[in-house]
Protein chains: 2
Amino acid sequence: MASPRATLADVAQTAGVDMSTASRVLRGDVSQRVREETRARILKVAEDLAYRPNSLARGLRTARTDTLGIVVPQLDNPVFAAAIRGAEQAAAELGYSLLISHREPGTTATTIAKLSQTNRVDGLLVASLDDDEVLRSDLAAAHVPFVLMNRILPGAPLSVVLDSRAAARRGVEHLVGLGHRRVAHLSGRAQGFNAAQRLEGYREGLEAAGIAFDPVLVATAGYTAEGGARAMAELLPQRPTAVLAATLVSAAGAMSVLHAAGWRIPQDISVAGLHDAPVARLLYPSLTTVMMPTEEMGRVAASLLVRSLAGEHPDPVPPLPPGDLIPRASTGPAPG
Amino acid sequence: MASPRATLADVAQTAGVDMSTASRVLRGDVSQRVREETRARILKVAEDLAYRPNSLARGLRTARTDTLGIVVPQLDNPVFAAAIRGAEQAAAELGYSLLISHREPGTTATTIAKLSQTNRVDGLLVASLDDDEVLRSDLAAAHVPFVLMNRILPGAPLSVVLDSRAAARRGVEHLVGLGHRRVAHLSGRAQGFNAAQRLEGYREGLEAAGIAFDPVLVATAGYTAEGGARAMAELLPQRPTAVLAATLVSAAGAMSVLHAAGWRIPQDISVAGLHDAPVARLLYPSLTTVMMPTEEMGRVAASLLVRSLAGEHPDPVPPLPPGDLIPRASTGPAPG
DNA sequence: TTGAAAGCGATACCAC
DNA sequence: GTGGTATCGCTTTCAA
């Protein structure tokens, strides 16, 4: 079945050299000189035998795997999918592979443990929606360096976050610029780091426009369509003319309620969401969004991790600023 | 930094036994008897030292990793995300871990090669949108057993597919049952296996209802919103009263064109799509879909792979039958 | 019931 | 420049 894979010993023997020489050549070791002719012969033989180093043996010997693990709570979430793409790209450029691990809620500790305690990865990129305490204890068991993505954790030195505050503010500015004064906000998880940031950005945006913050225009939607719908329904009596949702999904939930209630978008109410993803254009009407550098987040996190694996102690990176606001059909001038 | 991980030798020494004995106990080897007291002592020490076997060393010795690789073209695609969940679950139950790998178009061969040729995985689950020839040559380089998901490849014995034909037929039956006679179809890739199946199911559904198949009511949409929009625009002059899209995304694209053209859904035209995913409920109006057992596909593929790793030669599995049709707001009685 | 020892396939240090 | 060889941590005969 599986053709007997050629080993380094095979290559060495066929080329008539010692294993150590073959190893030097194939590894591209430049610190030691090898005669050109010998090198060529070894490379040729390796090629002929389709030699591939056994990464287990190499890892056992070198105590490194040149592999980073990335742990995300969900795969079919554009934010994490983008972060993975970015991380993969940066890792590849830095000579690392990326091992993706998808961690069902509850499998929490297990995944981190499996990856880090069994010598499969040199370090971890971690995205998590868990509470601080849970996450902290999970990470305590990680015996490799790690970088958090999309959140902070007091005490954890390395993390890469998006500037949600600035993004929310940008969204509000857009709405205010269209003449809206009664701007509602569908916020994220009550406790979440990003939710708090977005709420703050929302307030800032209002205040910069001289509009007083009014708590009755804020409702907690979480990160589901149902939550968005519930929160929007709750806010209808307040007669907002615009609403900024913390996510695309809660925006979609909100829009379904608005449709059902007979509110026209954007004639009666404008809707904007944070983060951009293909689904924004699938919604009806297509959703105005603020782009977030999620892929960049993955890239930065990966390079931070690689640097710390190299023994550096990188400075904390500031929150990544949001991208452009993409105006689509869901926002328009304030009515009246 | 990383606390010096305890090795088997440490455990053995601390427990005052030989490595081989410790190995037998910790591996749960039942073929050899170990005195109860000794076993307890070893387990206690291992616990105290937080011993974790080094999977590299073990894999090097046993020539197995108890890990399956899964290769998908995209992560933020509900179909593949679900397949991954299913595969992960089945793998776990069978004592295997799952390594997810996301393969950008172009990185094709590389990913399969990396995973399979470097002894990281015992076998591969492969989903691919590549052409037969490309995929075939990529797989030829895989030195491990593999199972294809969501497509067939002539010559590749093990693959798990969904019964797209039956699903399309079910969708058409729903529309016909609502009185529609001019039912259009937005098909997938011109060449694809699934696209052909769905087209066939569409024809079958029509013919079973005594409606003649009319090629002018079929347009190729591919798997993007733009494709769906283009195809729908093309079909508008044919005045269909219902349309079955091959995917959720093409359905969404179609709906945007219908909205723009002023066609009311479902009053003027009904829209249904194949596959079910949360996004179906985010669309406006919410989309009627036929559920597909994508998670089950992952489960079946994983267990098939494990069986073939065990030396079995599992029979080919028939296409997995579709789930229920979920009626939502996008379909209704035929107009007139 | 337990111990001793030979590798798995690579790397890296030290000779020559 | 090239070759020898100990070693990474574990599993697995074979003895005792």
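Order of the sequence lines fixes the chain letters, A, B, ..., with proteins taken first and strands second; residue numbering starts at 1 for each chain. Small disclaimer: the values here were computed from a predicted structure and weren't measured.
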Quiz item: Over how many whole Å does the gap from Asp10(B) atom CG to dC10(D) atom C1' extend?
Solution: 13 Å
Exercise. Starting from C1' on dG3(D), measure out to CD on Gln13(A) and report it in whole angstrom.
Key: 15 Å
Quiz item: Under 3.5 Å, side chain of Ser116(B) to main-chain N/O of Ile112(B), donor-acceptor pair present?
Solution: yes
Practice problem: Please state how far atom CZ in Arg33(A) lies from atom C1' in dG3(D), giving the value in whole angstrom units. | Solution: 18 Å
Quiz item: Can we say Glu133(B) and Arg136(B) salt-bridge, meaning some charged N sits less than 4.0 Å from an Asp/Glu carboxylate O?
Solution: yes
Exercise. Would you mind classifying the nucleic acid contact of Arg35(B) as base, sugar-phosphate or nothing, using non-hydrogen atoms under 4.0 angstrom?
Key: sugar-phosphate
Self-check item: Short N-O contact, Arg5(B) and Asp10(B), less than 4.0 angstrom
Solution: no
Quiz item: In residues 17-27 of chain A, which residues come under 4.0 Å of DNA chain D by heavy atom?
Solution: Val17(A), Asp18(A), Ser20(A), Thr21(A), Arg24(A)
Quiz item: Where do Ile100(B) and Leu75(A) land on the side-chain contact (heavy atoms from CB on, under 4.5 Å) test, with the steps shown first?
Solution: CA-CA 10 Å; Ile100(B) 305 166; Leu75(A) 290 174; 3.9 Å; yes
Quiz prompt | Rounded distance in Å - CG (Leu8(A)) to C1' (dT7(D)) | solution = 15 Å
Self-check item: Arg85(B) to Asp76(A) - nearest heavy-atom pair and separation
Solution: NH1-OD2, 3.7 Å
Practice problem: Considering only NZ, NE, NH1 and NH2 on the basic side and carboxylate oxygens on the acidic side, decide whether Arg39(A) and Glu36(A) come within less than 4.0 Å. | Solution: yes
Practice problem: Figure out the CZ/C1' separation between Arg5(A) and dG9(C), and round it to whole Å. | Solution: 13 Å
Exercise. Please report the shortest heavy-atom distance between Val121(B) and Leu124(B), naming the atom on each side.
Key: CG2-CD2, 4.1 Å
Quiz prompt | DNA chain D contacts among residues 39-61 of chain A, heavy-atom distance under 4.0 Å | solution = Leu60(A), Arg61(A)
Self-check item: Over 12 non-hydrogen atoms of neighbours within 6.0 angstrom of CD in Gln191(A)
Solution: no
Self-check item: Spacing of Asp29(B) atom CG relative to dT11(D) atom P, expressed in whole Å
Solution: 10 Å
Practice problem: Find the bend of the helix from dT1(C)-dA16(D) to dC16(C)-dG1(D) as the angle between its two terminal axes (five pairs each), to the nearest 10°. | Solution: 40°
Quiz prompt | Salt bridge Arg58(A)-Asp66(A), side-chain N to carboxylate O under 4.0 Å | solution = no
Quiz prompt | Separation of dG9(C) P from Asn119(B) CG (nearest whole Å) | solution = 9 Å
Quiz prompt | Atom of Ala22(A), atom of Ile42(A) and distance for their closest heavy-atom approach | solution = CA-CD1, 3.9 Å
Exercise. Give the intermediate values and the outcome of side-chain contact (heavy atoms from CB on, under 4.5 Å) for residues Leu320(B) and Val161(B).
Key: CA-CA 6 Å; Leu320(B) 307 181; Val161(B) 300; over 6 Å; no
Practice problem: Between Val34(B) and Thr62(B), name the one whose nearest nucleotide on DNA chain C is closer to the 5' end. | Solution: Val34(B)
